[in-house]
Amino acid sequence: MESTVRTFAIPNELCRRAGIAATWHSINNLGIFPSQSVNPSIPDRPSPYGPSEASVFNVRQDILLFEPILRKLVNESNGIFLNLQILTSGNVANLKQELLKVSHQYRSVIRACLENLQDEVARVDEHTSENMKNYITIFYSIECIWHLCEILFIENIPGSIVLPHLLEWVRFHFPKYERQATIYLNSDIDNIELDPDYWKTVIGCLLQGRVEVVRALLTLHSSANSPVFKLFDQTLKSMPIYNVYSGTSVTEFNLRWKHWLVDTQSKIDAKSFVSESHLNLMMKLAVGEELAWNQVQAQCEAWYELLASWLFFTEPTVKTFELGQFARRCIGRMGVRDHLRHLDQILLAALEADIFQVIKEIQHMSENGWFVSHLTDLLFHAGVLDTLDGTNEDLVAGRLRESFLIDYGVLMSSHHSLWQLGLSYLDHCPSDGLHVIQLLLQKLPLGTEVRVQKIVREALKRDLHPVAQSVCKVQGINCLRRGKMGNALSWALKSQDGYFTSYLADRFLRKYTTEGKLLCPDLLENLGSAMLSCDRLTFLSKYFEFHKVYALKDFKEAANIIISLMSSKLTPKYFWITLLTDALPLLESDEIVFSSNDTFMLLHCLEEKSKLPELQDKISLIRIAAARNLARALTTEAQAA
Amino acid sequence: MSHSVNTTFISDKTSKIRWKTDPFNDSNVFITGSWDDENNNLKLWEFQENKDDTDTYPFILKSCAFQGDVTELQFVDLDSFVVSSSYGSVYLMRITSNEKELIDIEACINWNKIHNFSENEVAPCTSLSCYKNDIVTCGEDGRINLLTSQHQNIVYSNNNADSCCINCVTFLKFNEVLTGNNRGLLKIWDFRQNQSSLCNSFILGQDQIAVTCVAVHPSQQHILVTGDEEGSITVWDLRKNTFPVNLLTVHTESISEIMFHPDHPDHLFSCSTAGEIWHWLSSSPATNTHTKLLNLQETDHNPWYISDNVKNKLEVFNLMPKLHFPINSLDLSRDRVLCGCDNEAIYLISNVNIN
């Protein structure tokens, strides 16, 4: 491979002096910064570069497919790709036929894209239009190769009689003559033969095997009624053209064709056409006379155009597997052997049925792997790549397809907006896809809640629970940083991380001890079963309930909650003082809300915690209140008994 | 007559899609807002209907850059719409056309960064709702703002409307709004009182599933439907709002938008992040005629209240084969439905069976 290394300069003085280092910033983003190589053996000394302003440069590859105009192609083909995967995972009766349809869809998407690009070229300024023209060249080649591959590898051709398809392919890509012919046929010009392009068009149409068009064009000629034209028309009309569905066998056709050749040759030899040099030339072409072909081959723009024409007149029943040798012969004729373009090489490889070579070459087309991944996938499903298995140990069809899909999927995921599309390709990589997704999802930048929700959902859809949880946790931390405690807690609950939830619940409680206010009452009130997710949250939620009940003046219930909180062993050390202080007014309330047992429990806790320094100035107060309550409670209970 | 679907790839993931209504004719202008891209935009589209050709191709009338994701877009009158961004700003914009028939979108009022976490950090505005000139917005900061399309000042703002992220908001009456948050908590606020007070709050279910969208019945304003993260549609009667009247578990994933047909409230449309778009048709025999539906005495027959025994009277139509990506938004105009999807395509569904 020729050198494809390109150099980019970082316009920074410090980078120049110190040297640079780089680190991956996101999937398609490289952070480049000035850096000096240091190793342990170098003694410490002040840096010669400081103090100076350091910059970090974000460098990323320019991806052609991210152009808005090409994103239509990217998205539309993604739909086709996904439908194809569904198609092949089921049992479809006529898979070959369906695959051909899929191939047609892909090509129509490319053609639509080409059309868009052509419209765009006319609209935009010079610089952009230059780009657009480049894209047109690229996608034009892609369409051309795809079409040929479709004929050779996907289409099921009865008897491998490939020529009609090849002609169709050539007509598709060299529509010049046909267009001109349509103009002539629709116009009403006298002496049309004086038009400089007239004969060129007639011969062009003949070369593309459009016999009917040639005959129609000749009737426009002013001397169309002369005997030589009539004879020509008759001869052309009687030319046998192979048709699979006509019912004639190949041998029978060959016999008739040979007969026609002999017949026509004798007409030429009898100089029946000499009066009209163009007709004479065309007849000579029809019988495959070398000299005549040498004369017109310059009219062919490419060797493969010549190939189809040449085969039409010399080998009409050529089989798919024989195409390679004829292709080489045509290249030789055209004298382009030494300057084959990239496109030519790929087409030649395809005609020689060297799929591996085709795939290898199309990798180097500069459209970021769209073509190679989609085509390889299609060929893989068509079973064409199976021949690769076994011939080369390192190369397994499935792995090959997967590696292209992964490359393409990862590339797409690097776009801020196309990450979902990228994932959909990775989904269809059976061996490594899921692992890649696992790594990718965690690298995606978060954003609005909607985006985070979507990322989480993509993870859950693939049963990547740890990934989903880690994304939730990151979002939780983000909320915490913004001071949105409620939202942070709700993300923490989603992440199912007990420690994080505990930490947040702790923050709530500490906030209460310092400010006397419980945050986010609306959230705490509706925790539901989530309150059980960790001890601290259970405590917080219960404590909130205490406040609620207390506010409703249901002191009995409030007392119950306090006692259950105290006995639950969930109370954080710093919160005892709050809890005991809260019990104080209840102990002193007019109605007895603590039973003697409750009071014992409370006193027990109080004694246990009596060492707490912050409790010291309250402890006697609580003791008195407890003692008074105990006295009251015991009396009442005794009376009741 | 079956409906037809037209697909257009637009190179943007659509966040919101809205018809520009035309009071006299079938509308053929609409607007899309994109999200999640590095450069987002608003695009105004038009399509020409062709009697012979079933394919209609929308083309762009005007495209303008938009800062942040478009999070909600609603028309306040024929030419003006309100749009909110993930950068916490809300804009009142107007579609104008000058003498040369050049169409433009111009911002009339910018309410900059009215949703924020702190001085320095904006919070996405998640949703908004309009009632005549009043606009209420809500955001990830748990704040609600009341604005009016008449002037720049914020009429009223509640910084602590919710401690979580508010996902959706809607006007119930001129003075009442309802918000839904990501813990499944629905709250009703009354703006008449001085310190606009919380009138009521109720929860979607015991599982704290996020409410993602909400819609009010066009003629019976106490009927409310909500869509949630798990793909269920809940029908509420706000006169007895502590528990839902009906719960339909339908979509497999989060519901992104839900909408009653403005002229035919028997028809409900919903779309989901699983790529589904559904058309709900309640055709219980007792309520075949619209007059009955509008009659408040007959509300017990309201098709959206149906209990289990008549549930099978609800018909559901799939408007499109399931897409591979989330459908984010839909809008209705007579018998035409628009929807926008994350595969960067918009779909125009015509001849939807409304009668």
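Source: prediction; values computed, not measured. The chains referred to below are lettered A, B, ... by the order of the sequence lines, with proteins before strands, and numbering in each begins at 1.
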Are A/Leu82 and B/Phe325 side-chain neighbours, meaning at least one heavy-atom pair lies under 4.5 Å? yes
So what's closer than 4.5 Å to chain B heavy atoms on A/Ile86: side chain, backbone, both or neither? side chain
So which part of A/Leu527 gets closer than 4.5 Å to some heavy atom of chain B, the side chain, the backbone, both or neither? both
Show the pairs of one donor and one acceptor atom, one from chain A and one from chain B, lying under 3.5 Å apart.
| residue | atom | partner | partner atom | Å |
| --- | --- | --- | --- | --- |
| A/Arg60 | NH1 | B/Glu38 | OE2 | 3.1 |
| A/Arg60 | NH2 | B/Glu38 | OE1 | 3.3 |
| A/Pro68 | O | B/Ser11 | OG | 2.5 |
| A/Arg71 | NE | B/Glu344 | OE1 | 3.2 |
| A/Arg71 | NE | B/Glu344 | OE2 | 3.2 |
| A/Arg71 | NH1 | B/Asp37 | OD2 | 2.8 |
| A/Arg71 | NH2 | B/Ser11 | O | 3.2 |
| A/Arg71 | NH2 | B/Asp37 | OD2 | 3.0 |
| A/Arg71 | NH2 | B/Glu344 | OE2 | 2.5 |
| A/Asn75 | ND2 | B/Glu344 | OE1 | 2.4 |
| A/Asn83 | OD1 | B/His324 | NE2 | 3.2 |
| A/His416 | ND1 | B/Asp36 | O | 2.5 |
| A/Ser417 | O | B/Lys13 | NZ | 2.8 |
| A/Trp419 | NE1 | B/Asp36 | OD2 | 2.9 |
| A/Gln420 | OE1 | B/Lys13 | NZ | 2.6 |
| A/Gln420 | NE2 | B/Asp342 | OD2 | 2.8 |
| A/Glu449 | N | B/Glu140 | OE2 | 2.6 |
| A/Glu449 | OE1 | B/Asn182 | ND2 | 3.4 |
| A/Arg451 | NH1 | B/Asp36 | OD1 | 2.5 |
| A/Arg451 | NH1 | B/Asp36 | OD2 | 3.0 |
| A/Lys454 | NZ | B/Asn328 | OD1 | 2.6 |
| A/Lys454 | NZ | B/Asp342 | OD2 | 3.1 |
| A/Arg457 | NH2 | B/Glu229 | O | 3.4 |
| A/Arg482 | NE | B/Glu121 | OE2 | 2.9 |
| A/Lys484 | NZ | B/Asp141 | O | 2.7 |
| A/Asn487 | N | B/Ser163 | O | 3.1 |
| A/Asn487 | OD1 | B/Cys165 | N | 3.3 |
| A/Asn487 | OD1 | B/Asn182 | ND2 | 3.1 |
| A/Asp522 | OD1 | B/Ser163 | OG | 2.5 |
| A/Asp522 | OD2 | B/Ser163 | N | 3.1 |
| A/Asp522 | OD2 | B/Ser163 | OG | 3.3 |
| A/Asp522 | OD2 | B/Lys187 | NZ | 2.7 |
| A/Asn526 | O | B/Gln208 | NE2 | 3.0 |

